[in-house]
Amino acid sequence: MARKKNKNVNMAALRSWLMIAALVAVFVGTFRMSPEKHKITELTLTEFYQKLGAGEITSPITRVIDHDGGETYLKGKDWRVNLVPGENEAFMKDLFARGIPVKVEHERNPWIGFLTQILSFVLFIGFFYWLFYKKMGGAGGPFSFGKSKAKVLNGKEDKKGAISFADVAGVDEAKEEVQEIVEFLKEPAAFQKLGGRIPKGVLLVGPPGTGKTLLAKAIAGEAKVPFFAMSGSDFEEMFVGVGASRMRDMFAEAKKAAPCIIFIDEIDSIGMKRTGAGALGGSHAYEQTLNTMLVEMDGFTSSEGVIVIAATNRPDTLDSALMRPGRFDRQVMIDLPTLKGREEILALHGKKIKFAPDADLKRVARGTPGFSGADLANLLNEAALLAVRKKLEGVDMATLDEARDKVLWGRERKSSGYSQKDRETTAWHEAGHALLQVLLPDTDPVHKVTIIPRGRALGATMSLPEEDVLNHTKNYFLSLMAVCCGGRIAEEIFTGDISTGASQDIRQATAIARDMICRFGMSERFGFQAFQEPSQFTGEELSPAFSEKTSQEIDDEVKKMIDSAYTLAAKLIHENRDKLETLAKRLLEKETMDGLEVEKIVKAEISNDDLA
């Protein structure tokens, strides 16, 4: 190790001397290329008159007086004549008599030229240093490729913008798991005293928007230690090897600041499974970065006091060497928030928003299952913007519902003009969905039905579960497929034809049937089997996990399940055609119907005559 260190020092010194030599060479070359001064020939007074008489001196002669009042002499362009003191005046008169112009000036101090050269040299070196070391070697310069681009936040100094666990809501279990990391960073001696070893790496896993990055910032804020933050993509550039150099530089800086935290967001961009391309004569650039990270985390060099926190929503793509104990010892799952978590998140983000008296965040939380923390924050922001456009004093419940619908299904496009026939077809289509949504068991309650275009759809039947659902049953999927078929069937009853309006319904029903067979083992024909293809990110062979015969049988089973759902949907719609007509008529009148009103019509609490 010492020999390697000395070698690095010698190489650095050699590079410095070579740089100095290059500077001197450039400086000398610059002065060599400058025009040379005319050589001045010393003449006696007799020699001067001889050359003057021969016509060799024709240029104007300059009379130069020494600056300190010493000897006086005359200088021409190429000649210098030293005179005896006292003869100067007579000599000048003689020159004027001969018609030779004479100019009088004081001679410059010879030190001035010397100092001017020295100053020019110093300025040249300073400019060279500024250009190559500050500009080209700084952030973004061509000599900064191997430097870390990590943003460093000092937990002790950045108190104003520090984030604590109080700023993170809806992930109570995750906060408990990382609490001991905070305690270690605060008092590492307590753990070392008992022989305990804190995890070197913590992997935060969860869907996008669940607060992985926010939790990492909160850990640094609670521990009040330096926080090095980088994205996985920051390690890569157009040149191979840059990522590995930046990784080494970041760990070197972190070791100097230990105890500290390194946070790498979206680590899957550099931590993907290695495919062994190097054995075939090639290599992926990210593999070099990954290899460097593996060594830095748990290799020959020690990184005590440096805790690596990484975030990803694709843990299945990460290399197994990265996931072993000694590197990322712990995985913290940050899932979508539950009902209680959504209430906490809405209350946290709602502190800066002025609400109307009827606003109920608990009701909003019940109506937003499957929303992430980022989705909830976006919902409140959209509601605040809508309230401003409506010129309200505060965000009311109607605005919160409108903002939720906008986030889920897109904004209403009331100005999107389409024909009366299209409106009627859409009304029957959505009425078919809504009717089956109420009649079939195991379906989610109808929230709203509209024939106003939203997003890319001409209409929508919206449903929301009453509570968080972690498991879905076979009957739920069968009912959902039948609901998908209801729109096409209702259209055919009304127009005697079919349209492209059911394209999304067809894709959804097909995907549900295929998942039931291939993923969930809900097919009577195949039973307790799975037919999933391997992930394209694992590096394994990508051939299907079943034969061509089985593939054909799966296709047949998908068709059988969809046909069965279509038959069930057609039977229920024909049996309740009067309710279908009532729903379609009501939709054409109101354009938007509440879920409670739909249920009353389907359950015969409201008839067609009542609407008339």
Side-chain angles (χ1 to χ4, degrees), residues 152-230 254-255 257-265 267 297-298 303-313 315 318 322-349 351 372-374 376-377:
V152 184
L153 303 176
N154 195 319
K156 295 180 180 179
E157 298 175 359
D158 302 334
K159 295 180 180 179
K160 184 178 180 180
I163 296 176
S164 65
F165 283 153
D167 301 311
V168 184
V171 288
D172 294 338
E173 293 82 3
K175 286 195 289 187
E176 291 176 2
E177 282 200 67
V178 299
Q179 183 64 42
E180 65 184 41
I181 296 177
V182 175
E183 295 174 358
F184 168 78
L185 291 171
K186 287 182 176 179
E187 299 180 10
F191 287 82
Q192 297 168 356
K193 181 179 179 181
L194 298 177
R197 182 181 62 83
I198 200 68
K200 290 188 176 181
V202 178
L203 184 65
L204 305 179
V205 180
T210 50
K212 301 183 291 294
T213 304
L214 189 64
L215 182 60
K217 290 181 180 179
I219 295 172
E222 289 284 338
K224 294 182 175 58
V225 297
F227 183 80
F228 294 78
M230 282 190 76
K255 290 173 186 177
C260 65
I261 292 175
I262 292 177
F263 176 65
I264 304 176
D265 202 6
I267 193 175
M297 289 188 70
D298 188 27
S303 58
E304 293 296 330
V306 178
I307 295 178
V308 182
I309 300 177
T312 182
N313 51 24
L318 297 181
L322 197 61
M323 307 298 292
R324 73 159 176 81
R327 286 175 182 143
F328 283 106
D329 306 85
R330 183 171 301 177
Q331 294 186 36
V332 178
M333 186 66 190
I334 305 178
D335 213 337
L336 294 172
T338 60
L339 174 60
K340 179 177 177 294
R342 293 196 297 273
E343 291 179 4
E344 294 175 355
I345 293 172
L346 287 169
L348 180 65
H349 290 291
K351 290 180 179 180
S372 66
L376 294 171

Judged by atom type as modelled, is there a donor-acceptor pair below 3.5 Å linking the side chain of Arg342 to the main-chain atoms of Pro337? yes
Considering all heavy atoms of both residues, which atom of Leu322 and which atom of Arg327 are nearest to each other, and what is their separation? O-CB, 3.6 Å
Which residues pass the side chain to side chain contact (heavy atoms under 4.5 Å, CB included) test with Ala218, sequence neighbours left out? Ile163, Phe165, Val168
Does Leu336 have any side chain to side chain contact (heavy atoms under 4.5 Å, CB included) partners at least two apart in sequence or in another chain, and if so, which? Pro207, Thr210, Ser372
Does any N or O in the side chain of Lys212 come within less than 3.5 Å of the main-chain N or O of Ile334, such that one atom is a donor and the other an acceptor? no
Among all residues two or more places apart in sequence or in another chain, which pass the side chain to side chain contact (heavy atoms under 4.5 Å, CB included) test with Gln331? Leu203, Val205, Met323
Over all heavy atoms of both residues, which pair between Ala310 and Ile267 is shortest? Give the atoms and the distance, please. CB-CD1, 3.6 Å
Quick one: side chain to side chain donor-acceptor pair (under 3.5 Å) partners of Glu344, sequence neighbours excluded? Lys340
Enter the distance from Gln179:CD to Ile181:CD1 here, rounded to the nearest 0.5 Å. 10.0 Å
Closest heavy-atom pair, Arg330 versus Glu177, reported as atoms and distance to 0.1 Å, is NH1-O, 3.0 Å
Taking only residues two or more places apart in sequence or in another chain, which ones pass side chain to side chain contact (heavy atoms under 4.5 Å, CB included) with Ala216? Leu204, Phe227, Phe263, Ile309
To the nearest 0.5 Å, what is the distance between NZ on Lys200 and CD1 on Ile262? 12.5 Å
Closest contact, heavy atoms only, Met333 versus Gly206: CE-CA, 4.4 Å
All heavy atoms of Pro259 vs all of Pro226, minimum pair found to be O-CD, 3.6 Å
Under the salt bridge (Lys or Arg N to Asp or Glu O under 4.0 Å) rule, collect the residues that match up with Asp167, sequence neighbours excluded. none
To the nearest 0.5 Å, how far apart are CG in Leu215 and NZ in Lys217? 12.0 Å
With rounding to the nearest 0.5 angstrom, report the CG to CD1 distance, Asp329 to Ile307. 10.0 Å
For a quick test of reading the model, state the closest non-hydrogen atom pair linking Ala174 to Val332 and the distance between them. CB-CG1, 3.6 Å
